[in-house]
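Data first, discussion second: the structure below is written as structure tokens.
Positions are given from 1, in the same order as the sequence printed here. Computed from a predicted model, the values in this text were never measured in an experiment.
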Amino acid sequence: QKTAYEITYGDWSSDVCSSDLLGHGWIRILHPEDREKVLTAARAGFQPSQIEFRVLHPTGRIVWVYGQAAPERDYHGDVVGYVGTLTDITDRIVAEQELKKLSRIASQTSEGVVITDAEGYVQWINESFWHNTGYTLEDIRGRKPGEVLQGRETDPHTIHFMHNAITQGEGFHVEVLNYHKQGQMFWSDICCNPLLDEAGKLEGFLAIQSNITAKKQTEQQLIQAKEAAEAATKAKSAFLATMSHEIRTPMNGVMGMLSLLEHSQLSETQRSQIHMAKTSAESLLSIINDILDFSKVEAGKLELETLEFNLLTFLEDLAHTLTPTAKSKSLDLILDCAGICDPRVQGDPG
């Protein structure tokens with residue numbers, strides 16, 4: 001029997017005539033790698049009668065087709081031939097091949113990969129997503145990731161932000177607290193981008209999920225350490241400020257009593273002793289004032305005053321204060337004030 005086919009060619013109609021395919025001429029359009037598969041099906045009477053294979057277009061390109069065949073019988077019921085159709089399925093095959101390639105690539109990364117439809121319902125996940133979350137494709141297919149991953153301590157503002165982005169067909173990048181299938185909490189960095197077709201129509205979303213739990217724990221530890229250090233500094237500054245104030249108050253009383261004694265009737269020996277005690281008290285008071293100022297600086301409470309004072313008088317007092325220390329080191333202290341034309345200045349004499 002001769003096997004004749006009525007073949008739908010689409011844009012081939014002007015290139016190939018059905019008469020060219022009468023007899024076994026149709027075999028010449030089969031792709032060499034698929035020829036044996038198609039011929040085996042033909043010898044078996046095309047049972048099953050559906051098969052996918054490649055054919056060679058007259059222009060040289062390879063086209064995937066979906067073939068169907070049915071026997072043609074005469075009035076006695078005997079098979080006298082077959083009638084079949086070929087449907088171009090190249091676009092579908094190419095898309096499937098691209099998806100398989102994407103799957104192979106995605107399976108090599110440690111990040112979780114999720115592909116959803118345009119409404120955000122899961123269509124595919126890679127193996128890393130399963131390892132990271134505990135959810136298999138069977139668990140999560142047809143559901144939104146947030147339905148299974150987010151829980152009571154997930155920030156509601158972040159959930160609202162992601163939902164709005166998906167609703168508007170937009171991508172987003174967030175850090176969100178998720179929950180493993182076994183209940184453990186973990187942090188994820190999620191970068192989600194829309195997938196558009198050639199016409200710019202939204203087809204779905206591709207999301208990459210990275211586990212950043214360790215990074216978040218480190219950040220939290222740093223924050224806690226910083227807060228502890230700040231608290232310790234504040235406590236130290238408060239202690240110094242309190243102690244400096246508590247010490248300075250009685251020191252002022254000691255200075256006052258020494259000044260009163262200095263102006264009373266004293267022998268030269270007693271006057272010298274009072275002077276030494278007063279000088280030591282002034283030095284100690286100066287140290288106390290320095291400590292108080294230092295604690296104020298650390299506490300962020302030091303305020304500079306703007307006062308009008310006489311610079312010459314100020315320098316004279318300063319010289320008297322520093323002279324005992326200079327003498328103890330066998331030094332002469334000389335303050336040259338010849339260049340001061342107007343001693344009236346404004347500033348903080350402290």
For residues 162-170, which side-chain N or O atoms pair as donor and acceptor with protein atoms under 3.5 Å away, sequence neighbours left out?
residue : atom : partner : partner atom : Å
N164    : ND2  : H160    : NE2          : 3.0
T167    : OG1  : H163    : O            : 2.8

Could you list the residues that satisfy side-chain hydrogen bond (donor to acceptor under 3.5 Å, both in side chains) with [X], not counting sequence neighbours?
X    : answer
E316 : none
R344 : D342
E305 : none

State, with a plain yes or no, whether a side-chain heavy atom of [X] is found less than 4.5 Å away from one of [Y].
X    : Y    : value
I340 : L315 : yes
V113 : F129 : no
F205 : V114 : no
R271 : H275 : no
L149 : Y135 : yes
T154 : Y179 : yes
L86  : F53  : yes

Quick check for you: to the nearest 0.5 Å, what is the distance between [X] atom [atom1] and [Y] atom [atom2]?
X    : Y    : atom1 : atom2 : result
L284 : T279 : CG    : OG1   : 12.5 Å
L206 : I115 : CG    : CD1   : 5.5 Å
K215 : N211 : NZ    : CG    : 11.5 Å
L335 : T323 : CG    : OG1   : 8.0 Å
L137 : E127 : CG    : CD    : 12.0 Å
D139 : T133 : CG    : OG1   : 8.5 Å

Sequence-distant partners of [X], salt bridge (Lys or Arg N to Asp or Glu O under 4.0 Å), two or more places apart:
X    : value
K216 : E175, E219
E262 : K278
E138 : none

Without swapping roles, check the side chain of [X] against the backbone of [Y] for a donor-acceptor pair under 3.5 Å.
X    : Y    : value
D78  : D74  : no
K144 : T116 : no
R35  : L30  : yes
S272 : E268 : no

Under the side-chain contact (heavy atoms from CB on, under 4.5 Å) rule, collect the residues that match up with Q346, sequence neighbours excluded.
T306, E308
Ignoring hydrogens, what is the shortest heavy-atom contact between P145 and I140? Give both atom names and the distance.
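Minimum heavy-atom contact is CA-CD1, 4.2 Å.
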Check: residues 186-196 side-chain donor-acceptor pairs under 3.5 Å, at least two apart:
residue : atom : partner : partner atom : Å
S188    : OG   : N178    : ND2          : 3.2
D189    : OD1  : H173    : NE2          : 2.9
D189    : OD2  : H173    : NE2          : 3.1

Under the salt bridge (Lys or Arg N to Asp or Glu O under 4.0 Å) definition, can you give me all pairs with a residue in residues 324-341, not counting sequence neighbours?
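Passing the test, one end in residues 324-341: no pairs.
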Looking at residues at least two apart in the chain, or sitting in another chain, which of them share a ring-ring contact (aromatic ring centres under 6.0 Å, His included) with Y66?
none
Quick one: hydrophobic cluster around L307, which other residues, with the 4.5 Å side-chain cut-off, linked directly or via members?
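The other cluster members (ILVMFWY side chains, heavy atoms under 4.5 Å, direct or chained): none.
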Salt bridge present between K234 and E230 (N-O < 4.0 angstrom)
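Salt bridge between K234 and E230, a charged N being under 4.0 Å from a carboxylate O: no.
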